[in-house]
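Working notes for the structure below.
Atom set for the values below is all heavy atoms of this structure, side chains included, hydrogens, waters and symmetry mates excluded. Whatever order the structure lists them in is the order used to number ligands and atoms, beginning at 1.
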Amino acid sequence: MNIRLLDFDVKEDERGSLIALEGTKEIPFEIRRIYYIFGASDQVRRGDHAHKELQQILIALAGSCTVSVTDGCTKEEIPLPSRTQGLFIGRMVWRELHDFSPDCVLLVLASDYYNKNDYISSYEDFLKMVEKRGDHHQQTCCDPNGSDR
Ligand code: TYD
């Protein structure tokens with residue numbers, strides 16, 4: 001799946017800690033947009049979409065949340081408990097964000113400007129696109145239509 005957890009380098013001294021992230025270096029793309037989510041409760045689910053082209057890094061700057069991801073075949077639940085890690089999510093990955101702690105501030109770094117046309121908001125359409133693109137080989141993947149996400 002087109003995801004990976006990045007461990008950021010923390011510069012620590014007696015004054016506290018600092019993490020520096022630069023586009024195309026620690027962040028594997030040019031950063032065109034940032035946004036952040038806060039004030040979500042543990043009952044809230046956000047996301048529920050995939051992107052055709054957009055790449056993102058999610059960082060829980062404060063508190064924690066969990067990100068469920070699937071490429072239509074494999075599924076993973078990735079807790080984000082630490083501000084020293086970022087979750088890279090590449091193209092064509094369905095994501096759901098949930099289990100926000102009340103103090104969670106989730107920073108998102110994105111590779112492009114906001115573009116509604118880049119969203120795939122129906123899971124059914126997502127599966128159809130995955131199949132059409134032939135992203136998975138039959139030997140290594142279950143039937144995406146048979147999977148419950
Ligand atoms: P939404 O896509 O529902 O957020 P999430 O995927 O985290 O659940 O976005 C909520 C609102 O914010 C919606 O009206 C679209 C708007 N929005 C922007 O204007 N710019 C952005 O960069 C993003 C991510 C959302």
Looking at CD1 of Ile31 and CD of Gln55, how far apart are the two atoms once the value is rounded to the nearest 0.5 Å?
-> 11.5 Å

On the 0 to 90° scale, with breaks at 30° and 60°, tag the Phe126-Trp94 ring pair as parallel, tilted or perpendicular.
-> tilted

Angle class for the Tyr119/His49 ring planes (parallel below 30°, perpendicular above 60°, tilted otherwise)?
-> tilted

How far is [atom] from its nearest protein heavy atom, and which residue and atom is that?
{"atom": "atom 2 (O) of ligand 1", "result": "Tyr119 OH, 3.8 Å"}
{"atom": "atom 22 (O) of ligand 1", "result": "Arg33 NH1, 2.4 Å"}
{"atom": "atom 8 (O) of ligand 1", "result": "Gly47 N, 3.0 Å"}
{"atom": "atom 7 (O) of ligand 1", "result": "Arg46 NE, 3.2 Å"}
{"atom": "atom 25 (C) of ligand 1", "result": "Tyr114 CE1, 3.7 Å"}

Which is it for Val108 and ligand 1 at heavy atoms under 4.0 Å: side chain, backbone, both or neither?
-> neither

Ignoring hydrogens and geometry, is there a side-chain-to-backbone donor-acceptor pair from Arg95 to Val93 under 3.5 Å?
-> yes

Judged by atom type as modelled, is there a donor-acceptor pair below 3.5 Å linking the side chain of Asp42 to the main-chain atoms of Asp99?
-> no

Atom 15 (C) of ligand 1 touched by protein (heavy atom, under 4.0 Å) = yes

Hey, is atom 12 (O) of ligand 1 under 4.0 Å from any protein heavy atom?
-> no

Give a yes/no on ligand 1: does His49 have at least one heavy atom closer than 4.0 angstrom to it?
-> yes

Arg91 side chain reached by Asn2 side chain, heavy atoms, under 4.5 Å = yes

